[in-house]
A.B. asks: 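Before anything else, here's the structure in question.
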Amino acid sequence: MLAIIGGTGVYQLPGADAEERELETPYGKLGVTVRHLPSGMDLIFAARHGTGHAVPPHRLPSRALIWGLREMGVTSILSTSAVGALTSDIPPGTLALLGDFMDFTKSRPTTFYDGPGVTHADVTEPYCPTLRVALRTAAGRLGIPLYDRDVVYVCTEGPRFETPSEIRAYRMLGGDVVGMTQVPEAVLARELGIHYAGVALVTNLAAGIDGSRPSHGEVLDLMARNGKIVSRLLLQAAEDIGENALCERCPKPEGMS
Ligand code: HPA
């Protein structure tokens with residue numbers, strides 16, 4: 001089963017044939033919709049911040065989300081995120097695949113592996129290469145331009161935006177874009193052996209780049225204009241991938257066959 005997690009500005013998928021479901025997890029409740037695609041495939045959609053964008057990034061119930069999706073039989077996730085660019089070479093409106101992340105979060109529950117026992121997830125390649133190829137192929141077929149290389153996502157704690165000095169530092173460290181939601185979501189998926197890929201939509205230049213002063217309004221505005229393109233891309237990729245991605249590269253959690 002494949003799931004799409006919609007970030008800022010992507011609160012539902014187009015098409016009417018959907019059914020609401022709610023489930024309990026050890027980490028709280030999760031609400032999703034199940035879409036029945038014309039091809040016969042079922043697809044799960046979850047709005048990361050809730051449908052009314054009510055939950056701020058540092059309070060996202062990421063463990064309930066990923067645990068719940070796994071309980072529903074999800075083996076692959078395609079996600080969207082709004083991001084600021086750390087360089088004006090990646091202008092607002094650019095769509096980019098995520099290739100790696102850096103974690104600057106501070107206060108979130110970040111793992112399912114809370115002991116007893118010690119398990120370390122391998123995130124040498126955090127984003128599934130097979131799903132990334134599917135996304136690039138779907139974008140090519142739909143004529144949707146993607147940034148030419150996969151980008152490094154810097155995850156900050158939020159909910160404040162960054163200072164210009166922080167942005168300069170993240171750039172020097174090798175980051176390309178900045179957002180507040182990839183960690184722990186991508187890590188939790190890896191811990192449960194779920195293949196995960198992310199598409200980022202650049203909504204703004206990060207603080208201080210070309211004098212930029214990011215605002216939530218600006219982020220929502222750009223997403224309102226471009227969110228549909230992201231949904232189209234994810235839906236196409238989902239149809240291409242089918243119910244189960246064939247990937248041999250992502251590491252499986254210890255003890256999982
Ligand atoms: N910083 C952090 N998160 C973001 C930004 C930003 O500039 N834009 C969209 N999400």
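Whatever order the structure lists them in is the order used to number ligands and atoms, beginning at 1.
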A.B. asks: Suppose we measure from atom 4 (C) of ligand 1 to each protein heavy atom; which comes out shortest, and what is that distance?
C.D. replies: V178 O, 3.6 Å
A.B. asks: Does G84 reach ligand 1 with a nitrogen or oxygen that is under 3.5 Å from one of the ligand's nitrogen or oxygen atoms?
C.D. replies: yes
A.B. asks: Please give the remaining members of the hydrophobic cluster of V118, linking ILVMFWY side chains under 4.5 Å, ordered by chain and number.
C.D. replies: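 Its cluster mates, by chain and number: none.
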A.B. asks: I need the atoms of ligand 1 closer than 4.0 Å to a non-hydrogen atom of E162, numbered in the order shown.
C.D. replies: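 Counting atoms of ligand 1 from 1, those under 4.0 Å from E162 are 1 (N), 2 (C), 6 (C), 7 (O).
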A.B. asks: Knowing that exactly one of L69, L78, L234 qualifies, which makes a side-chain contact (heavy atoms from CB on, under 4.5 Å) with I5?
C.D. replies: L69
A.B. asks: Taking K29 first and then E24, would you say they form a salt bridge - that is, a charged N and a carboxylate O separated by under 4.0 Å?
C.D. replies: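 Salt bridge present between K29 and E24.
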A.B. asks: Decide, yes or no, whether a salt bridge links R141 with D240 under the criterion of side-chain N to carboxylate O below 4.0 Å.
C.D. replies: yes
A.B. asks: State the atoms of ligand 1, each with its element, that fall below the 4.0 Å cut-off from a heavy-atom position in M180.
C.D. replies: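 Counting atoms of ligand 1 from 1, those under 4.0 Å from M180 are 2 (C), 3 (N).
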A.B. asks: So which heavy atom in the protein is nearest atom 3 (N) of ligand 1, and how far is it from that ligand atom?
C.D. replies: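 Closest protein heavy atom to atom 3 (N) of ligand 1: G179 CA, 3.4 Å.
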A.B. asks: Heavy-atom distances under 4.0 Å are what count here, so tell me which part of T203 touches ligand 1: side chain, backbone, both or neither.
C.D. replies: side chain
A.B. asks: Between Y196 and Y127, what is the ring plane arrangement, given parallel below 30°, perpendicular above 60°, and tilted in between?
C.D. replies: tilted
A.B. asks: Where on T8 is there a heavy atom closer than 4.0 Å to ligand 1, on the side chain, on the backbone, on both, or on neither?
C.D. replies: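 Looking at T8 and ligand 1, no heavy atom falls under 4.0 Å.
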A.B. asks: Relative to the heavy atoms of N204, which atoms of ligand 1 are at a distance of less than 4.0 Å?
C.D. replies: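 Checking each atom against N204, I get 5 (C), 6 (C), 7 (O), 8 (N), 9 (C).
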A.B. asks: Taking side-chain hydrogen bond (donor to acceptor under 3.5 Å, both in side chains) as the test, write out the residues that go with N226, two or more places apart.
C.D. replies: none
A.B. asks: Distance under 4.0 Å to a non-hydrogen atom of A82: what atoms of ligand 1 satisfy this?
C.D. replies: 9 (C), 10 (N)
A.B. asks: Using a strict threshold of under 4.0 Å (side-chain N to carboxylate O), is an ion pair present between R171 and E166?
C.D. replies: no
